[in-house]
Each structure stands twice: as C-alpha cells, then as structure tokens.
Student: 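Got a structure for you, written out below as structure tokens; questions coming shortly.
All figures in this text were calculated on a predicted structure; none of them were measured in a lab. Just the heavy atoms: all of them, side chains too, but no hydrogens, waters or symmetry mates, feed the values below.
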There are 2 protein chains.
Amino acid sequence: MTELEQYIKSYFGVVSSNDLQTIISLFQLASVKKGEFLLQSDRRCDTLSFVQSGLLRMFAITDGKEVTQWISSKGYFATDLSSFVFETPSRWNIQALVDTEIYIITREDYQKIGDLVPKWSELEKLFLVRCFTTLEDRVFSHLSMTAKERYDLFFEQNSELFNQVPLQFIASLLGMTPETFSRIRKKRMS
Amino acid sequence: MTELEQYIKSYFGVVSSNDLQTIISLFQLASVKKGEFLLQSDRRCDTLSFVQSGLLRMFAITDGKEVTQWISSKGYFATDLSSFVFETPSRWNIQALVDTEIYIITREDYQKIGDLVPKWSELEKLFLVRCFTTLEDRVFSHLSMTAKERYDLFFEQNSELFNQVPLQFIASLLGMTPETFSRIRKKRMS
DNA sequence: TTGATTTCTTGATATTTGTCAAGAGTAATG
DNA sequence: CATTACTCTTGACAAATATCAAGAAATCAA
C-alpha cells in the first residue's frame, strides 16, 4: 500500500509512520469497471476514494447536457465533499472513464481516523484549505483568462490527460465547447 | 457583540453559549476607512475578519487589470485563507469600498480558539467544506451558464449589493466587462 | 454648490466563442 | 475484420462578448 501512503502524504502532509498505518488500514482497495458509477447525483455520497490507477470523471447534468467538473487521475481523490460531510444529496455523478482501481473509505471509517489519530483534525484542515485555494484559482482563471489561456495552463499542468481522456470532457471542464477546444488544439500542435 | 455571535453561528453552526463567549472575546472591533487596505497582495495575511458594516473588496491585479474575486458585505468573512493558514504571501488585496467596521482576529488568537473550544476543529471543518462547496458552485456557473444567467443568479442572491457597490466590480466578479454588465442590466430593468 | 473625478451607458465595430451539420478518424464489439 | 458507435475536426454561419471612444450621469471633495 505504499502508493496510498504517498497520496495521503501529498494531500495531508507529514504524518508519523504509525498514524499512517492506522489511516491506511481503514482504506480498501476496490475496482470500478469502465462506465460504472462510483456515485450518482441525488444519492448520498458515503465514500471517499483515491485513484490508484485509471480515471474518474465527476460531472453533472443540466438542461440535458453533461458538464464535467473534474477528472481524477492517479493520486487524486474523488468524492462529493459536501454530500460526504453533510450527508446531503450529491450534486455530482462520478463515473469511471476506464477500468479503475481505487482506495476507498466509508464515512464511518473516515470518522474513526479522527478518533485514532490525534493530529488528524489539523491535517484535515490543511487539506481543506488547499482544496479551497485550488478552487479559488480556478474561479480566478474564469474571471481573467480566455479559452486559449485556460487551455494552455491546463495543458501545462495536466498534459498526461490529453491522450487518456476523451477531449470533449477536458473541453467541458475548461468551460468551452469541443469545437473551440479542437481549434485551439490544432493551433497549438502546428 | 450579539451580531458577531450570529456571524459565527451562521458560518460554524451551533456553539454553546460559553464557547461562543470565548470565541467572541478574541475578536476585536476595528474600523477601515474607505480606500484603506486591510491586506495587500504579496504580504502575509495575519488576520481574519467579519464585516459588521460596510463593504470589503477582494481583488488581484493581472496584466495591469484589477480582477475582483469577491465582495464581502455584512456578515461575510474576509481573509486570504491560504495565506492566513500557510503564512504564504497573499494573492489578494482587500480594500474597503466604504468606511467599514469589522470584527478582526489575529492568527495567534485564532489558534487559541482551538485550544479553548474542544469542538472547534469540527466546526472549522464544516465551515471549510461549506466554503469549498460555494466555490464548486461558482466554478460550475462558469462551465454551464452564460453571462446573462450569471447576472440573474447573482442578482437573486445578492440584490442588495447592486445599489451599494460600483457595478464594474460586480461585473468583474461575474467574469464580464462593465459594458456587457450594463447592457444586461438595461434589459432587466425595462 | 461647484468643479473635478469617477462611474455608467451607448453605439460602432472587432473578436471570441458557440451552433449546426457533415465527414473523417478512432476505438469497441461481436 | 467488419460494422457499429463514438469522437474529433472542419467549415459556414450565428450569437455572445469584448474593445474603444464619447458623452451622460452620479459622486466626491473643497
């Protein structure tokens, strides 16, 4: 499980070896087949997962159109955070784009971490602030950047996705149509 | 200080009377004159504030242009969360749009809350998840809505700002130019 | 109250992005 | 490997939004 250790560390920071073992023992390795849903909107989200291999897409449907909010690749986590914490209906669907392996934890087991690892609430806080900051940056990109600029920035930071994921989904998460995406891409490749 | 109690409750949820008193005693009432900066970008953000009266604008400057990320009115909080928590240079400026009264707390005093109020870390977590969810919604609005739709939604939720704030700032935080904003507004008013 | 300053509106025009439709390319399945 | 289904690209066109410039309106400060 040494890779899960890395994901935990990368999100939550330094944890003692003992604590790390405690945390990791509460996760289960599981598989999601291509096309399967890890979460459906309007259901309650009872789990949180780290992607070990494969790809998960988080999306919602409005006006009959799918809007991709994020794509989680190896090392990323996936959950509807609001639903996971508040037990409200989920706003997102989470679906596997390819056969995917995940480390998954239930809400009950997640809550145990807090009891077993004294420092946990502090680590969790830092984790949440990082997530918040990432989204702040993302909002900012929509206030201050054009479609081309968002394309370039995303390509810099996530180039590996461009040959693993249907490009229409990347277009959607960047807030543009597949056609616009395709035209920008053409320029960038020539 | 009964209003500060309400802000705390609205963000952090139910707190016992005793704990609330403890928390509130660590905040100071302070004034920020119109035009004054509560925070400058690239400086470290050492405080968190709730607006008691007046208006604070959070913005950044890129390519010589000001981009308004948010406007905090009565009851909202204002800080660069990332800088406040990680002590990194702030990405935002925070400036008073009018003479403003705030309840302010320093990082040191904020950390004391955690020691004095046992439930605090749990409340803080819920607070952060709510903030995260709000930003998720905001990202989603840029992926799935037109300028008109964002205008309408923001007007529904924050109509009081429309006659208190230079409209160019609202335009910016909605991700459109002042001209586009003005034209949409004209249609909506006729 | 009166200038001075800032903010808002409006029109003309340019640019960006979206829509629709068709075809080409690619991958999935039996 | 053949056919079926997706996915991507391209062009023509439409719609949305930005830019620039000028003037009107509102606000501020002396």
Side-chain angles (χ1 to χ4, degrees), chain A residues 32-36 54-55 57 59 61-68 71 95-100 141-155 159 161-190, chain B residues 32-36 54-55 57 59 61-68 71 95-100 141-155 159 161-190:
Chain A
V32 195
K33 287 256 171 263
K34 175 174 179 172
E36 271 184 19
L55 295 163
R57 177 171 73 109
F59 69 98
I61 299 178
T62 14
D63 310 324
K65 287 184 183 172
E66 290 188 355
V67 177
T68 298
I71 294 167
Q95 187 181 27
L97 291 176
V98 297
D99 290 356
T100 298
S141 78
H142 284 277
L143 303 186
S144 64
M145 295 166 75
T146 63
K148 275 182 190 132
E149 291 168 330
R150 292 198 303 277
Y151 176 102
D152 289 338
L153 181 62
F154 191 82
F155 185 79
S159 56
L161 279 187
F162 283 64
N163 45 21
Q164 294 183 57
V165 172
L167 299 176
Q168 54 181 312
F169 298 146
I170 301 182
S172 177
L173 83 75
L174 289 175
M176 64 186 83
T177 61
E179 292 93 337
T180 296
F181 184 94
S182 174
R183 290 181 176 112
I184 294 172
R185 180 165 177 255
K186 187 183 181 186
K187 282 194 185 172
R188 294 293 182 264
M189 310 241 296
S190 62
Chain B
V32 195
K33 286 254 172 267
K34 174 174 179 174
E36 272 183 19
L55 296 163
R57 176 172 74 108
F59 69 98
I61 299 178
T62 12
D63 311 325
K65 287 183 184 172
E66 290 186 355
V67 178
T68 298
I71 293 167
Q95 187 181 26
L97 291 177
V98 296
D99 290 356
T100 298
S141 79
H142 284 277
L143 304 186
S144 63
M145 293 166 77
T146 63
K148 275 183 190 131
E149 290 169 329
R150 292 198 304 277
Y151 176 101
D152 289 338
L153 180 62
F154 191 82
F155 184 79
S159 56
L161 279 187
F162 283 63
N163 45 19
Q164 294 183 57
V165 172
L167 299 176
Q168 53 180 313
F169 298 146
I170 301 182
S172 177
L173 83 77
L174 289 176
M176 64 186 83
T177 60
E179 293 92 337
T180 296
F181 183 95
S182 174
R183 289 181 176 113
I184 294 172
R185 182 168 176 252
K186 187 182 180 185
K187 282 193 185 172
R188 294 294 180 265
M189 309 239 298
S190 61

Student: When you measure from the side-chain N and O atoms of A:Thr180 to the phosphate of C:dG18, is any distance below 4.0 Å, counting only OP1 and OP2?
Tutor: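 Yes, such a contact exists.
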
Student: At the 4.0 Å heavy-atom cut-off to chain B, mark where contacts on DNA chain D begin and end, going 5' to 3'.
Tutor: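 From 5' to 3', the first and last contacting nucleotides are D:dT17 to D:dC28.
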
Student: Nucleotides 7-9 of chain C: which of its N/O atoms have a protein N/O under 3.5 Å away?
Tutor:
from	atom 1	to	atom 2	distance (Å)
C:dT7	OP2	B:Gln168	NE2	3.4
C:dT7	O5'	B:Gln168	NE2	3.2
C:dC8	OP1	B:Leu167	N	2.5
C:dC8	OP2	B:Leu167	N	3.1
C:dC8	OP2	B:Gln168	N	3.1
C:dT9	OP1	B:Arg185	NH1	2.3
C:dT9	OP2	B:Ser182	OG	2.9
C:dT9	O5'	B:Ser182	OG	3.1

Student: Determine whether A:His142 and B:Leu143 make a side-chain contact, defined as any pair of heavy atoms from C-beta on separated by less than 4.5 Å.
Tutor: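 A side-chain contact exists here, since the closest heavy-atom pair is under 4.5 Å.
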
Student: Rounded to the Å, how far apart are A:Glu149 CD and C:dT15 P?
Tutor: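 In whole Å, C:dT15 P and A:Glu149 CD are 16 Å from each other.
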
Student: Using atom CG of A:Leu174 as one end and atom P of C:dT17 as the other, report the distance to the nearest whole Å.
Tutor: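 After rounding, the gap between these two atoms is 12 Å.
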
Student: Could you state the interatomic distance from OG (A:Ser144) to CD (A:Glu149), rounded to the nearest 0.5 Å?
Tutor: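 Answer rounded to 0.5 Å: 7.5 Å.
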
Student: Could you list the residues that satisfy ring-ring contact (aromatic ring centres under 6.0 Å, His included) with A:Phe154, not counting sequence neighbours?
Tutor: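 Expected list: none.
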
Student: Roughly how far, to the nearest 0.5 Å, is the CZ atom of B:Arg150 from the CG atom of B:Asp152?
Tutor: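 Taking CG in B:Asp152 and CZ in B:Arg150, the distance rounds to 11.0 Å.
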
Student: Write down the distance between CG (A:Asn163) and C1' (C:dA27), rounded to a whole number of angstrom.
Tutor: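 Atom-to-atom, A:Asn163 to C:dA27, this comes out as 15 Å.
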
Student: Restricting to ring-ring contact (aromatic ring centres under 6.0 Å, His included), what partner residues turn up for A:Phe59, sequence neighbours left out?
Tutor: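 By the ring-ring contact (aromatic ring centres under 6.0 Å, His included) rule, A:Phe59 matches no residue at all.
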
Student: Name every donor-acceptor pair, under 3.5 Å, that has one atom in a side chain of residues 161-181 of chain A and the other anywhere in the protein, sequence neighbours excluded.
Tutor:
from	atom 1	to	atom 2	distance (Å)
A:Gln164	NE2	A:Glu160	O	3.0
A:Ser172	OG	A:Thr68	N	2.8
A:Thr177	OG1	A:Thr180	N	3.2
A:Thr177	OG1	A:Thr180	OG1	3.1

Student: Given side chains that start at C-beta, do those of A:Arg188 and A:Tyr151 come closer than 4.5 Å, heavy atoms only?
Tutor: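 They are in contact (side-chain heavy atoms under 4.5 Å apart), so the answer is yes.
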
Student: Contact between B:Gln95 and B:Lys34 at the side-chain level, heavy atoms closer than 4.5 Å - yes or no?
Tutor: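 Of all side-chain heavy-atom pairs linking B:Lys34 with B:Gln95, none is under 4.5 Å.
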
Student: Measuring to OP1 and OP2 of C:dA28, would you say a side-chain N or O of A:Lys34 lies under 4.0 angstrom away?
Tutor: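 Yes, within the criterion.
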
Student: How many angstroms lie between atom OG of B:Ser182 and atom NZ of B:Lys187, to the nearest 0.5 angstrom?
Tutor: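 Going from the OG atom of B:Ser182 to the NZ atom of B:Lys187 covers 12.0 Å.
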
Student: Nearest 0.5 Å, please: how far is NZ in B:Lys33 from CD in B:Glu36?
Tutor: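 Between B:Glu36 CD and B:Lys33 NZ, I get 7.5 Å after rounding to 0.5 Å.
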
Student: Let me test you: for the helix from C:dT1-D:dA30 to C:dG30-D:dC1, what is the angle between the axes at its two ends (five pairs each), rounded to 10 degrees?
Tutor: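 End-to-end axis angle: 60°.
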
Student: Does any part of the side chain of B:Leu55, heavy atoms only, come nearer than 4.5 Å to the side chain of B:Ile71, both counted from C-beta?
Tutor: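 Counting from C-beta outward, B:Ile71 and B:Leu55 do come under 4.5 Å.
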
